[in-house]
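Each remark here refers to the structure printed beneath this line.
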Number of protein chains: 2
Amino acid sequence: MADVAARAGVSAKTVSNVLSGYPYIRPSTRERVLAAVDELGYEINVTARNFRSGRTGVVGLAVPELGQPYFGELADEILAAARARDLQVVVSPTGFTREGELAALREPRRRLVDGLLFSPAALVQDDAGLLEDLGYPLVLLGEQMFSDKVDHVTMRNVEGARAATDLLLDAGRRSIAVIGMLHAPTAGSATLRFRGYTEALAARGLAVDERLLGWADDGWHRGNGARAMADVLETGVEVDGVVAFNDALALGAMYELQVRGRAIPRDVAVVGFDDIEDARYSRPALTTVDPGRRDIAEYAVALLDRRLAAAARGEAPGAPVLHVADMRVIERESTPRRS
Amino acid sequence: MADVAARAGVSAKTVSNVLSGYPYIRPSTRERVLAAVDELGYEINVTARNFRSGRTGVVGLAVPELGQPYFGELADEILAAARARDLQVVVSPTGFTREGELAALREPRRRLVDGLLFSPAALVQDDAGLLEDLGYPLVLLGEQMFSDKVDHVTMRNVEGARAATDLLLDAGRRSIAVIGMLHAPTAGSATLRFRGYTEALAARGLAVDERLLGWADDGWHRGNGARAMADVLETGVEVDGVVAFNDALALGAMYELQVRGRAIPRDVAVVGFDDIEDARYSRPALTTVDPGRRDIAEYAVALLDRRLAAAARGEAPGAPVLHVADMRVIERESTPRRS
DNA sequence: GTGAAAGCGCTAACAA
DNA sequence: TTGTTAGCGCTTTCAC
């Protein structure tokens with residue numbers, strides 16, 4: 001940088017100012033500096049800048065697993081939003097484990113990232129305290145539970161599951177299986193989506209039949225959807241509808257149903273959750289709940305960026321934000337056409 | 001760190017040595033230092049360490065798109081391998097664009113990452129020069145083209161596609177469509193897999209029928225697989241087999257075939273490529289080529305780590321490595337059972 | 001095995 | 001609008 005300064009006939013600080021976008025610089029000066037940068041092929045040492053400024057321009061993204069289309073697609077949208085704001089992203093897959101999630105929460109302390117976008121899947125409500133006063137900006141993705149002292153960008157889990165269940169009830173289905181139940185008491189989507197299911201039944205005076213609950217404790221993968229569906233059918237209970245807690249589970253459940261000769265949607269109607277790309281190309285195309293993923297990514301990155309800027313200016317953080325994206329049901333072929 | 005040193009009754013340098021794993025330290029000293037670290041809740045400032053040492057312990061991963069299961073699953077395996085070596089990973093989706101890929105290649109110059117794992121999809125053979133002498137360690141993922149001056153960790157694209165095609169030919173199929181052709185002259189999988197297809201046909205004295213080529217220039221997504229399959233069928237050509245250049249395309253093609261009343265594998269046999277998780281749960285389950293993804297991820301990270309360590313010791317880089325993972329065909333239900 | 005001194009390249013704070 | 005000074009927290013170098 002000293003070389004660039006010498007060549008442009010200015011001080012190092014002016015070069016620094018130009019490269020940092022400091023506005024009060026005479027255009028002619030800026031030009032000379034940029035010309036010198038070009039001629040010398042200079043590239044700023046980001047490490048030194050980070051060290052001195054105490055900021056890195058890097059944020060962490062902790063999600064369970066990128067191989068799951070929902071999280072992969074979410075990560076793409078978050079990375080795009082971050083890029084638009086000149087933020088880099090370090091991704092930490094937590095593998096649905098408590099240790100993975102705790103490790104991700106510790107990471108920013110070491111100052112490699114300025115803040116964290118965190119999609120919890122293994123922490124439970126009792127862990128709320130772990131998320132408070134971390135000393136860095138944290139934005140939670142996807143859930144509405146935990147602490148009200150933390151920024152959240154979430155989806156309408158309860159309403160989405162309830163709308164999905166209502167769609168089946170409206171079609172006259174009364175024996176609706178749930179695919180994706182978890183025994184772990186995580187404060188996660190499973191709990192909320194099950195609540196939506198329960199509420200929809202209760203509103204029509206229906207009770208939950210335990211035999212209709214399909215458990216998928218090993219993860220919301222397609223294979224576990226097929227297995228859970230099989231478990232439900234093995235009980236001998238009659239099934240005319242399925243609400244799956246995500247699209248992968250739904251696609252697995254459809255596979256199992258079709259293998260056993262059930263026609264979809266005639267014999268069994270199926271609704272998923274997430275609107276991943278695959279849902280459009282299954283056979284039949286899957287009816288699902290779009291939880292507003294794009295909006296979640298955009299809003300979360302913007303919010304974290306805002307928090308980082310405020311922290312850099314030394315401001316006290318404002319009140320925690322709760323942003324809830326709008327959901328909508330996308331009707332395709334796996335549910336009967338409404339008349 | 002000074003506080004820790006004071007508390008432990010040693011110098012800062014000794015604390016640094018302990019925390020950096022320097023071996024020649026008396027156990028009693030180490031213990032005292034670690035105790036002081038614990039008591040004070042000290043966390044090393046990674047930024048300062050990076051700055052001073054000139055290394056960051058972060059590597060870049062440039063892939064086209066995480067929402068594609070192949071890349072999402074690959075990213076998960078790379079992140080796991082990196083974590084095992086205490087490396088952080090900054091992910092840059094390139095969006096299948098030349099600009100995205102060039103931007104990813106520039107990133108390490110700014111010193112935020114020490115090296116780069118790069119899965120090219122838009123660069124062409126003429127760009128080979130861009131990959132040489134970058135001034136940082138680069139490991140290419142997935143292709144065998146470009147420069148022989150660069151480390152590659154690749155898969156048997158040609159052999160895989162040839163084996164897939166042979167499987168159909170062995171089953172007596174003679175009118176085999178290809179799904180996933182690209183017009184762009186990228187040095188990518190499309191070119192190599194098409195070569196494998198061509199070779200397999202040629203070995204039996206068969207020529208390529210242009211009507212059987214399904215183009216998917218907008219990306220190897222499921223939807224484009226369905227569209228490309230439709231395009232082929234619209235030509236009126238007879239089709240009794242399909243080789244798709246990835247599993248998503250294959251699943252899309254199967255959808256289109258089934259919509260049009262073709263039975264799989266009776267009327268049309270289908271083979272994919274990549275062995276993504278979904279391939280196991282499609283209906284029928286998809287026969288596919290496992291390109292050795294796990295091995296690729298492990299080997300690539302280990303190689304890059306080796307290069308980084310050598311660079312840190314000031315050694316000249318050794319000769320470029322070419323590692324080719326073993327592929328194998330996984331036969332499922334979408335191809336006729338071998339008799 | 002451990003310590004003292006120096007300095008990495010940049011930007012905060014302030015001065016001009 | 002630009003320059004000067006100081007120093008971020010660690011590791012390198014080299015001495016002991």
Side-chain angles (χ1 to χ4, degrees), chain A residues 1-37 40-58 86 108-112 114 135 308-309 311-315, chain B residues 1-34 36-37 40-58 86 108-112 114 135 308-309 311-314:
Chain A
M1 185 178 270
D3 295 349
V4 173
R7 186 171 190 112
V10 298
S11 75
K13 178 63 215 192
T14 299
V15 176
S16 168
N17 282 338
V18 168
L19 296 178
S20 309
Y22 182 71
Y24 306 111
I25 292 179
R26 197 174 306 153
S28 63
T29 310
R30 182 195 313 277
E31 268 171 44
R32 256 183 309 134
V33 169
L34 293 177
V37 165
L40 293 155
Y42 170 76
E43 302 234 20
I44 198 163
N45 184 327
V46 186
T47 306
R49 164 187 280 179
N50 292 346
F51 171 49
R52 180 62 240 227
S53 68
R55 295 192 55 193
T56 66
V58 182
D86 270 325
R109 290 260 173 72
R110 310 200 311 153
R111 305 297 187 79
L112 202 130
D114 293 332
L308 293 174
R313 288 193 303 269
E315 296 170 11
Chain B
M1 185 179 273
D3 295 349
V4 174
R7 186 170 192 115
V10 298
S11 75
K13 176 62 216 186
T14 300
V15 177
S16 169
N17 281 340
V18 169
L19 295 179
S20 310
Y22 182 71
Y24 304 112
I25 292 179
R26 196 174 306 155
S28 61
T29 309
R30 185 194 312 278
E31 266 171 45
R32 256 183 312 132
V33 169
L34 292 177
V37 165
L40 293 157
Y42 170 77
E43 302 235 19
I44 197 162
N45 183 329
V46 185
T47 305
R49 164 186 282 179
N50 292 347
F51 171 49
R52 182 62 241 232
S53 67
R55 296 192 53 191
T56 66
V58 182
D86 269 326
R109 290 260 174 72
R110 311 199 312 151
R111 308 297 189 78
L112 202 130
D114 293 332
L308 293 174
R313 287 193 305 268

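No experiment lies behind these values; they were computed from the predicted model shown. In the text below, chain A, chain B and the rest are named by the order of the sequence lines, each starting its count at 1.
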Could you state the atom-to-atom distance from [atom1] of [X] to [atom2] of [N] in whole Å?
X	N	atom1	atom2	answer
A/Tyr22	C/dC10	OH	P	19 Å
A/Glu43	C/dC10	CD	P	12 Å
B/Asn45	C/dC8	CG	P	19 Å

TODO: Scan residues 6-20 of chain A against DNA chain C and write down, sorted by residue number, each residue with any heavy atom closer than 4.0 Å; if none is found, say none.
DONE: A/Lys13, A/Ser16, A/Ser20
I'd like a table of atom pairs between the protein and nucleotides 14-16 of chain C - only N or O on both sides, under 3.5 Å - with the distance next to each one.
none

Between side-chain atoms of residues 3-17 of chain A and protein atoms elsewhere (two or more places apart, or another chain), which donor-acceptor pairs fall under 3.5 Å?
| from | atom 1 | to | atom 2 | distance (Å) |
| --- | --- | --- | --- | --- |
| A/Arg7 | NE | A/Glu39 | OE1 | 2.4 |
| A/Arg7 | NH2 | A/Glu39 | OE1 | 2.9 |
| A/Ser11 | OG | A/Lys13 | N | 3.3 |
| A/Ser11 | OG | A/Thr14 | N | 3.3 |
| A/Ser11 | OG | A/Thr14 | OG1 | 3.4 |
| A/Lys13 | NZ | A/Asn17 | OD1 | 3.3 |
| A/Asn17 | ND2 | A/Lys13 | O | 3.4 |

Task: Qualifying salt bridge (charged side-chain N to carboxylate O under 4.0 Å, His left out) pairs, either residue in residues 27-36 of chain A, two or more places apart - done: none
Open item on the list: Which residues pass the ring pair (Phe, Tyr, Trp, His ring centres under 6.0 Å) test with A/Tyr42, not counting sequence neighbours?
Closed with: none
Task: Pairing residues for A/Asn50 by the side chain to side chain donor-acceptor pair (under 3.5 Å) criterion, not counting sequence neighbours - done: none
Open item on the list: Please give me the minimum heavy-atom distance between B/Met1 and B/Ile44, naming the atom from each residue.
Closed with: CE-CD1, 4.2 Å
Open item on the list: Tell me which residues in residues 48-58 of chain A lie within less than 4.0 Å of DNA chain D, going by non-hydrogen atoms.
Closed with: A/Phe51, A/Arg52
Task: Nucleotide interval of DNA chain D bounded by contacts with chain A (heavy-atom cut-off, under 4.0 Å) - done: D/dT1 to D/dG9
Task: Set of salt bridge (Lys or Arg N to Asp or Glu O under 4.0 Å) partners for A/Arg55, sequence neighbours left out - done: A/Asp114
Open item on the list: Which residues pass the side chain to side chain contact (heavy atoms under 4.5 Å, CB included) test with B/Ala48, not counting sequence neighbours?
Closed with: A/Phe51, B/Asn45
Task: Validation row: B/Val37, B/Glu43 side chains within 4.5 angstrom (heavy atoms) - done: no
